[in-house]
Amino acid sequence: MISVSLPDGSVRELPEGSNGFDLAGDISPSLKKASVIAEINGRQADLSRPLQGGDQVRLITKRDPEALEVLRHSAAHLMADAILRLFPKAQLTIGPPVEDGFYYDLYFPEGSDSVTPDDFGRIEQEMQRIAKEKHRFQRHDVDGEPATDEVFQRYRAIDGKDASGGLNKFKQELVDGILERGEGLSFYRHGDFVDLCRGPHVPDTGWLKNVKLTHVSGAYWRADASREQLVRVYGTAFFSKEELDEHLRLIEEAKKRDHRVLGEQLDLFSFHDEAPGFPFFHRKGTIVFNELVDFMRSLLRRDGYEEVRCPQILSEELWHRSGHYDNYLENMFFTKLKLRSEKNPDEVVDVSEERPMAVKPMNCPGHLLIYSERPRSHNEFPLRIGEMGLVHRREMSGVRHGLFRVQAFTQDDAHHFCTPDQIEAEIQFLIDFFKEVYAVFGLDDVRIELSTRPEKSIGSDEVWEEAEAALRRALDGKGIDYVVNEGDGAFYGPKIDFHIRDVLKRSWQCGTIQLDFSMPERFGLKYVAADGERYTPVMIHRACYGSLERFMGIIIENYAARFPLWLAPEQVQIVPVSDRFFDYARKVGAELRAAGLRVHVDLRDDRVGYKIRQASLQKVPYVIVVGEKEQDAGTINLRARDVEANNGEIGEMTVAELLAKVEGERRPGGVSAFVEARAVEVG
RNA sequence: GCCGGCAUAGCUCAGUGGCAGAGCAACUGCCUUGUAAGCAGUAGGUCCUCGGUUCAAAUCCGAGUGCCGGCUCCA
């Protein structure tokens with residue numbers, strides 16, 4: 001007998017040669033069914049691996065996040081098997097699990113057919129067939145000399161059977177690397193398929209029934225553009241059909257909510273070939289944009305920020321001083337002056353400039369100039385200088401994406417200047433500030449990451465230690481969970497990033513807080529302290545929305561463009577039953593407009609049903625229908641987008657009653673009194 | 001920047017070498033409309049741009065531009 005210990009500290013006696021399956025079965029049959037792999041002495045291993053006396057064993061089940069990665073890695077093997085059957089010329093390279101699934105990179109020698117999405121159906125069919133056959137995943141370790149290892153030799157034979165050179169050079173490169181590092185080679189086999197692999201895997205292919213191929217893209221061998229071009233086939237896998245279906249539903253839902261499509265349908269913004277990557281905001285998009293700005297401004301005012309405006313174009317010399325020229329050149333736009341030739345007015349020549357200018361990619365240098373414009377005292381600290389700063393950044397072609405990645409965007413940027421011992425309080429203030437803002441949009445799922453000193457960095461150890469400690473103290477002091485990204489900070493200081501999860505479970509990086517000891521130094525910033533001495537202030541860069549454009553894209557998708565009343569570009573649409581009631585409709589419209597609502601009176605010659613449909617497609621929160629009854633009674637008939645009961649029809653009321661009801665939801669974060677009332681009734 | 005795909009009416013798309021098309025939207029008229037699409041008619045085109053092949057190009061070929069999916073995750 002051997003004894004192994006479990007995470008709860010208990011010890012189990014098992015017969016000699018027992019493995020993870022036996023352990024799980026010894027505990028309970030349901031655990032045996034749910035177990036995917038074992039973690040033996042902190043290392044992941046197949047359940048089939050024999051246990052030794054004294055091992056610390058943790059059984060990892062379907063519910064553990066690690067299990068999903070194992071499942072998907074196994075699914076990558078299954079997919080590779082299926083693809084090789086259908087595309088015998090393909091050569092395998094690597095196939096890891098990723099965030100939402102897995103991929104396998106394949107090399108298709110010249111002249112051979114490549115995988116396209118049209119092939120997904122038959123590949124999936126093949127995978128289903130292999131899954132049903134329930135082949136065990138069997139591990140083989142190469143213990144002795146690889147040259148004499150039977151499995152390894154057979155693998156080489158199989159792997160190279162159709163490759164022109166006889167062998168798959170990608171796998172060969174991997175094998176060479178593993179041997180060079182002195183690590184052991186290991187292989188996994190299911191059915192006839194063998195692949196070089198570290199493991200572990202699910203027990204058998206029967207686990208891999210809920211698999212779906214998603215897309216295909218290009219990639220390079222080892223992410224090196226000078227190396228071979230590979231075809232990357234992506235898929236995803238789940239333990240249950242329900243989870244897979246839910247995942248596919250979310251992908252479909254995300255497609256439907258694509259802000260680029262909704263932005264066009266709702267006439268919010270557009271893009272044009274004449275300015276690639278630069279959004280044009282239309283009337284309605286501008287309303288949303290301005291509401292976001294107004295809301296942010298109200299908070300900045302409340303919290304004593306000084307809002308400023310800086311020029312768009314500044315001397316190139318300034319960008320040398322700030323370090324952007326050295327570190328950010330590729331992302332900057334530069335101006336080029338031209339002149340008409342005096343001799344020949346048709347001829348245009350470039351002007352050679354003694355002081356060339358550049359378009360700002362960041363707002364900080366402007367704020368630094370404002371700071372240094374006069375002597376500063378610690379008494380005005382913390383000094384918070386904010387700007388709705390429009391910045392321009394060149395992006396490589398191919399990375400632009402709707403409002404999410406543009407070449408000109410507006411940051412709700414601010415720089416806090418303070419003393420070192422004010423850092424902690426400022427950070428805590430900002431964390432509360434950011435969370436307050438996100439909560440207004442229903443974005444309560446906020447993940448915080450702390451990035452620490454990178455290898456390449458400036459500043460003394462003491463300063464860095466103190467800065468990181470201040471960030472940690474601030475986070476710990478608020479009892480906030482956070483992930484640490486070691487060495488991922490900016491070269492001038494550590495930072496805290498805010499990642500927000502939307503209703504479709506997608507994560508977006510929005511806010512950022514960065515400590516900076518470098519820029520104030522470079523610009524010679526000083527303040528006079530209580531002791532009368534001059535010191536260099538600490539600078540904190542921060543942006544809460546991040547980019548207004550990007551944030552707008554996020555909330556369009558988060559709300560599926562069903563904006564809450566305060567953000568809705570069109571808040572009320574008035575539908576007269578026929579042209580006999582146009583005057584009354586105009587009168588009601590004027591009253592609501594006088595109260596500050598954004599109202600559209602629909603005077604087109606169309607049926608009521610048609611106009612209601614139009615308002616619904618445009619996602620207008622409230623529709624008012626007026627006809628003979630309402631005109632005689634001096635009332636309106638209300639229909640609400642967000643009320644499900646009775647098709648959203650709420651009924652007759654006066655304008656005054658309506659205004660009183662919607663007052664709350666006209667403020668950021670406010671909720672509909674109609675929806676709330678219903679919730680109370682139901683609850 | 002790199003790989004792959006796409007570009008036809010305002011929008012969504014059909015047309016694959018031989019007359020430029022549909023639905024929706026727009027406009028006009030009729031209907032006097034009561035809670036998600038009334039009826040009829042009219043108009044709308046540099047088939048992305050440039051070059052090539054061909055008797056003939058929206059269609060085939062090349063280049064450019066823009067858009068879309070990826071290009072960080074190293075068995």
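Computed from heavy atoms alone, side chains included, the values below leave out hydrogens, waters and symmetry copies. Chain letters run A, B, ... following the sequence lines, proteins first, then strands; residues in each count from 1. Note that the structure is predicted; figures quoted are calculated from it, not measured.
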Which residue pairs pass the salt bridge (charged side-chain N to carboxylate O under 4.0 Å, His left out) test with at least one member in residues 177-188 of chain A, sequence neighbours excluded?
A/Arg181-A/Glu183

Listed partners of A/His324 passing ring-ring contact (aromatic ring centres under 6.0 Å, His included), at least two apart:
A/Trp319

Could you tell me how far apart A/Asp105 (CG) and B/rG70 (P) are, to the nearest whole angstrom?
15 Å

Give the rounded distance in Å between these two atoms: CG of A/Asp273 and P of B/rC68.
11 Å

Can you tell which of A/Arg198, A/Gln138, A/Arg139, A/His77 makes a side chain to side chain donor-acceptor pair (under 3.5 Å) with A/Tyr188?
A/Arg139

Ranking B/rA36, B/rU35, B/rG69 by distance to the side chain of A/Leu617, first place goes to B/rA36

Between B/rA25 and B/rA57, how far apart are the P atoms? Round to whole Å, please.
36 Å

What nucleotide among B/rC67, B/rG34, B/rG66 has an atom nearest to a side-chain atom of A/Arg400?
B/rC67

Is there a Watson-Crick or G-U wobble partner for B/rG23 with both distances under 3.5 Å, and if so, which one is it?
B/rC11

For A/Asp606, report the nucleic acid contact type (base, sugar-phosphate, nothing); a contact means any heavy atom under 4.0 Å.
nothing

Considering Watson-Crick and G-U wobble pairs with both distances under 3.5 Å, what does B/rC39 pair with?
B/rG29

I'd like to know if A/Glu630 reaches the base of B/rG34 with its side chain, counting only an N/O donor and acceptor under 3.5 Å.
yes

What distance, rounded to whole Å, do you find between the two P atoms, one in B/rC11 and one in B/rA63?
28 Å

Rounded to whole angstrom units, what separation is found between the NE2 atom of A/His282 and the P atom of B/rC11?
12 Å

All N/O contacts under 3.5 Å from nucleotides 72-75 of chain B to the protein, with atom names and distances to one decimal?
residue	atom	partner	partner atom	Å
B/rA75	N3	A/Leu196	O	3.2
B/rA75	N3	A/Cys197	N	2.7

Output a table of donor-acceptor pairs, distance under 3.5 Å, between side-chain atoms of residues 646-655 of chain A and any protein atom two or more places apart or on a different chain; print 'none' if there are none.
residue	atom	partner	partner atom	Å
A/Asn646	ND2	A/Glu649	O	3.3
A/Glu652	OE2	A/Thr635	OG1	2.7
A/Thr654	OG1	A/Glu657	N	3.1
A/Thr654	OG1	A/Glu657	OE1	3.4

Rounding to an integer number of angstrom, what distance separates B/rG69 and B/rA56 when you compare their C1' atoms?
37 Å

Would you say A/Asn647 reaches B/rA36's phosphate, i.e. side-chain N/O to OP1/OP2 under 4.0 Å?
yes

With sequence neighbours left out, write down each residue that passes ring-ring contact (aromatic ring centres under 6.0 Å, His included) with A/Phe170, or none if nothing qualifies.
A/Tyr107, A/Trp221

Taking any heavy-atom pair under 4.0 Å as a contact, classify A/His401: base, sugar-phosphate, or nothing.
sugar-phosphate

Out of B/rU32, B/rC11, B/rU35, minimum distance to the side chain of A/Glu264 belongs to B/rC11

Atom CD of A/Glu644 and atom C1' of B/rA36 are separated, to the nearest Å, by 15 Å

For A/Phe238, all residues meeting ring-ring contact (aromatic ring centres under 6.0 Å, His included), sequence neighbours excluded:
A/His247

Considering residues at least two apart in sequence or located in another chain, which fulfil the salt bridge (charged side-chain N to carboxylate O under 4.0 Å, His left out) criterion with A/Arg598?
A/Glu291

Assess, by modelled atom type and distance only, whether the side chains of A/Gln265 and A/Lys619 contain a donor and an acceptor separated by less than 3.5 Å.
no

Send over the distance from A/Phe581 CZ to B/rU33 P, rounded to a whole Å.
8 Å

Does the side chain of A/Thr512 pick up a donor-acceptor pair with the side chain of A/Asp497 at under 3.5 Å?
yes

Complement of B/rC48, any strand, by Watson-Crick or G-U distances under 3.5 angstrom:
B/rG64

Please list residues of residues 607-616 of chain A whose heavy atoms come under 4.0 Å from any atom in RNA chain B, ordered by number; otherwise none.
A/Arg607, A/Val608, A/Gly609, A/Tyr610, A/Ile612, A/Arg613, A/Ser616

For A/His201, run the ring-ring contact (aromatic ring centres under 6.0 Å, His included) check against A/His190, A/His135, A/His73 and tell me which one passes.
A/His73

Under 4.0 Å, counting only non-hydrogen atoms across every strand here, what does A/Val399 touch: a base, just sugar-phosphate, or nothing?
base

Quick one: look up who B/rG1 pairs with, Watson-Crick or G-U, both distances under 3.5 Å, and put none if it's unpaired.
B/rC71

Is there any salt bridge (charged side-chain N to carboxylate O under 4.0 Å, His left out) pair reaching into residues 69-80 of chain A, and which pairs are they, with sequence neighbours excluded?
none

Taking atom C1' of B/rG29 as reference, at what distance in whole Å does atom CG of A/Asp579 sit?
14 Å

Check this for me: does any side-chain nitrogen of one of A/Glu330 and A/Arg394 sit under 4.0 Å from a carboxylate oxygen of the other?
no

Mind checking what makes ring-ring contact (aromatic ring centres under 6.0 Å, His included) contact with A/His259, not counting sequence neighbours?
A/Phe404

Answer with base, sugar-phosphate or nothing: what part of the nucleic acid does A/Arg604 contact at a heavy-atom distance below 4.0 Å?
sugar-phosphate

Does the base of B/rC30 carry an N or O that pairs as donor and acceptor with the side chain of A/Asp605 under 3.5 Å?
yes

Which is true for A/Arg260 with a 4.0 Å heavy-atom rule: it touches a base, it touches only sugar-phosphate, or it touches nothing?
sugar-phosphate

Could you list the protein-to-nucleotides 42-51 of chain B atom pairs, N/O on both sides, closer than 3.5 Å?
none

CE of A/Met396 versus P of B/rG66: gap in Å, rounded?
15 Å

How far does the P atom of B/rU53 sit from the matching atom of B/rG62, given to the nearest Å?
15 Å

Can you list everything that forms a side-chain hydrogen bond (donor to acceptor under 3.5 Å, both in side chains) with A/Asn637? Sequence neighbours excluded, please.
A/Glu630

Integer-rounded Å distance: B/rC24 C1' and A/Gln618 CD:
14 Å

